[in-house]
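Reviewing the structure listed below.
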Amino acid sequence: MSGTLAKIAEIEAEMARTQKNKATAHHLGLLKARLAKLRRELITPKGGGGGGPGEGFDVAKTGDARIGFVGFPSVGKSTLLSNLAGVYSEVAAYEFTTLTTVPGVVRYKGAKIQLLDLPGIIEGAKDGKGRGRQVIAVARTCNLILIVLDVLKPLGHKKIIENELEGFGIRLNKHPPNIGFKKKDKGGINLTATCTQSELDLETVKSILAEYKIHNADVTLRSDATADDLIDVVEGNRVYIPCIYVLNKIDQISLEELDVIYKVPHCVPISAHHRWNFDDLLEKIWDYLRLVRM
């Protein structure tokens with residue numbers, strides 16, 4: 001494990017040092033592919049051993065939809081959950097209290113919506129620290145993710161949580177890349193692009209695929225794709241989940257500031273404690289879930 005972590009750190013450092021331009025695109029693509037493979041090793045450990053999938057962490061999926069709540073400790077996530085569902089998940093005023101997932105269920109417009117607290121997804125979860133791994137496995141099964149942010153702590157938190165989830169192959173508010181990819185027995189790498197590509201060329205595509213020991217494949221780029229897009233398609237284990245950012249503690253800011261927040265896409269400002277603006281939140285949840293309702 002630690003060897004993998006060291007390698008990840010090494011590649012991330014090299015990527016940070018490398019300037020992004022046409023000349024380095026090829027090299028960066030290769031590094032990104034290596035990174036994706038290492039991260040996959042972290043999520044899917046080899047062999048048995050270890051302590052099973054984590055106590056209290058396998059939650060049976062009930063209801064019509066499942067929503068995962070993610071947030072740093074002490075942003076008011078548990079208060080929001082208990083006030084939304086009347087679920088009582090131990091709320092304490094110190095960091096890191098929620099260790100097991102206590103599902104609550106909300107009935108809204110005739111649908112049963114399961115609410116899950118996904119504890120402790122913090123920096124380092126995707127590197128196998130904390131309870132990250134099991135939490136992520138559950139996060140990947142959600143129909144919608146709510147990232148709860150403290151309106152006073154800048155959106156730095158948002159960036160960190162997004163990076164965590166991205167590192168685990170969860171793509172928020174995105175569609176799968178429009179790339180055709182088919183392995184074959186012979187004939188080398190055949191690249192077709194139906195539009196101009198600003199990042200990928202045959203060389204880069206070949207080097208990324210070579211990293212996966214793929215030397216014969218048809219690749220069709222139907223949109224201006226990035227190296228990350230191609231890697232997502234090759235890895236094939238990505239999940240695309242809609243996401244709402246819930247900005248909590250709006251009782252602590254001015255009306256002018258509130259106006260600004262309302263303009264941020266995918267955002268709902270609330271006060272979990274005072275139960276302000278829950279209708280807006282439920283309405284938006286419903287909208288975002290409708291996108292995935294069968």
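In this text, all values refer to a predicted model and were calculated from it rather than measured experimentally. The figures that follow rest on heavy atoms only: side chains count, while hydrogens, waters and symmetry mates do not.
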Query raised in the report: What is the minimum heavy-atom distance between Cys243 and Tyr288, and which atoms define it?
Result: O-CE2, 3.5 Å

Query - CD1 on Ile270 to CG on Asp251, rounded to 0.5 Å - result: 10.0 Å

Report task. Go through Lys109 and Glu283 one step at a time and tell me if the salt bridge (charged side-chain N to carboxylate O under 4.0 Å, His left out) criterion holds. Result -> CA-CA 10 Å; Lys109 296 190 180 179; Glu283 198 45 55; 3.2 Å; yes

Requested in this report: Without swapping roles, check the side chain of Asn248 against the backbone of Ala272 for a donor-acceptor pair under 3.5 Å.
Outcome: yes

Report task. Consider only side-chain heavy atoms of I, L, V, M, F, W and Y, link residues closer than 4.5 Å, and tell whether Leu230 and Val239 are in one cluster. Result -> no

Requested in this report: Under the salt bridge (charged side-chain N to carboxylate O under 4.0 Å, His left out) rule, what do Arg39 and Glu12 come out as? Steps first, then yes or no, please.
Outcome: CA-CA 12 Å; Arg39 289 213 175 122; Glu12 283 179 334; 2.7 Å; yes

Query raised in the report: What's the spacing between Leu116 CG and Ile113 CD1 if we round to 0.5 Å?
Result: 12.5 Å

Requested in this report: Report, as yes or no, whether the 6.0 Å neighbourhood of atom NZ on Lys183 holds more than 12 heavy atoms from other residues, nucleotides or ligands.
Outcome: no

Query raised in the report: Between Lys206 (side chain) and Asp201 (backbone), is there a donor-acceptor pair under 3.5 Å?
Result: no

Query raised in the report: Nearest 0.5 Å, what's the CD1-CG distance between Ile250 and Leu258?
Result: 5.0 Å

Report task. Would you check if the side chain of Asn173 reaches a backbone N or O of Pro242 as a donor-acceptor pair within less than 3.5 Å? Result -> no

Query raised in the report: Okay, side chain of Thr194, backbone of Leu221: is any donor-acceptor separation there less than 3.5 Å?
Result: yes

**Report entry** Side chain Asp287, main chain Lys284, donor-acceptor under 3.5 Å
**Finding:** no

Query raised in the report: So with a 6.0 Å cut-off around NE2 of His273, is the heavy-atom count from everything else above 12?
Result: no

Query - For the student: nearest non-hydrogen atoms of Pro177 and Tyr240, plus distance - result: CD-OH, 3.1 Å

Requested in this report: Decide whether Trp286 and Val246 are clustered together by the hydrophobic rule: side chain heavy atoms of Ile, Leu, Val, Met, Phe, Trp, Tyr closer than 4.5 Å, transitively.
Outcome: yes

Requested in this report: Using atom types as modelled and distance alone, determine if a side-chain donor or acceptor of Glu199 lies under 3.5 Å from a backbone N or O of Ala227.
Outcome: yes

Query raised in the report: In the single-linkage hydrophobic clustering (I, L, V, M, F, W, Y; side-chain heavy atoms under 4.5 Å), do Val233 and Leu28 co-cluster?
Result: no

Query raised in the report: Quick one: are Asp280 and Asn277 in side-chain contact, heavy atoms under 4.5 Å?
Result: yes

Query raised in the report: Do Lys159 and Glu166 sit within salt-bridge range, that is, some charged N less than 4.0 Å from a carboxylate O?
Result: no

Query raised in the report: Any side-chain heavy atom of Asn178 sitting closer than 4.5 Å to one from Asp229?
Result: no

Query raised in the report: Is the closest side-chain donor-acceptor distance between Arg66 and Asn143 under 3.5 Å?
Result: no

Query - Taking every non-hydrogen atom, the tightest pair across Cys142 and Ile67 - result: SG-C, 4.1 Å

Query - Close side-chain approach of Arg171 to Ile241, heavy-atom, < 4.5 Å - result: no

Query raised in the report: Are any of the side-chain heavy atoms of Val219 and Ile179 separated by less than 4.5 Å?
Result: yes

Query raised in the report: Hey, does the side chain of Thr24 reach the backbone of His27 with a donor-acceptor pair shorter than 3.5 angstrom?
Result: no

Query raised in the report: Is a side-chain donor or acceptor of Thr204 paired with a backbone partner of Leu200 at a separation under 3.5 angstrom?
Result: no

Query raised in the report: When rounded to the nearest 0.5 angstrom, what distance separates CG in Asn216 from CG in Asn190?
Result: 10.5 Å

Query - Side-chain heavy-atom pair Leu172, Glu162 within 4.5 angstrom cut-off - result: yes

Query raised in the report: To the nearest 0.5 Å, how far apart are OG1 in Thr4 and CZ in Arg40?
Result: 12.0 Å

Query raised in the report: Can you tell me if NZ on Lys20 sees more than 12 non-hydrogen neighbours from other groups inside 6.0 Å?
Result: no

Requested in this report: Examine Leu144 and Val70 and state if one hydrophobic cluster contains both, with Ile, Leu, Val, Met, Phe, Trp and Tyr joined whenever side-chain heavy atoms are less than 4.5 Å apart.
Outcome: yes

Query raised in the report: Looking at Asp279 and Tyr108, what are the two nearest heavy atoms and their distance?
Result: O-OH, 4.5 Å

Query - Any donor-acceptor N/O pair, Gln197 side chain to Ser223 backbone, under 3.5 Å - result: yes

**Report entry** Ile244-Val138 co-clustered via ILVMFWY side chain contacts under 4.5 Å
**Finding:** yes

Report summary line: Taken to the nearest 0.5 Å, the spacing of Arg275 CZ from Thr79 OG1 works out to 10.0 Å

Query - Minimum side-chain heavy-atom gap Glu203-Val205 below 4.5 Å - result: no

Query raised in the report: Going by heavy atoms in the side chains, are Phe181 and Leu209 under 4.5 Å from each other?
Result: yes

Query raised in the report: In a check of side-chain contact (heavy atoms from CB on, under 4.5 Å) between Phe72 and each of Lys77, Lys158, His157, which one passes?
Result: His157

**Report entry** Minimum heavy-atom distance between Tyr245 and Pro265, given as atom pair plus value
**Finding:** CD1-O, 4.3 Å

Query - Asn237 backbone acceptor or donor facing Arg140 side chain under 3.5 Å - result: yes

Query - Over all atoms of both residues, closest heavy-atom pair of Ile189 and Ile214 - result: CD1-O, 3.9 Å

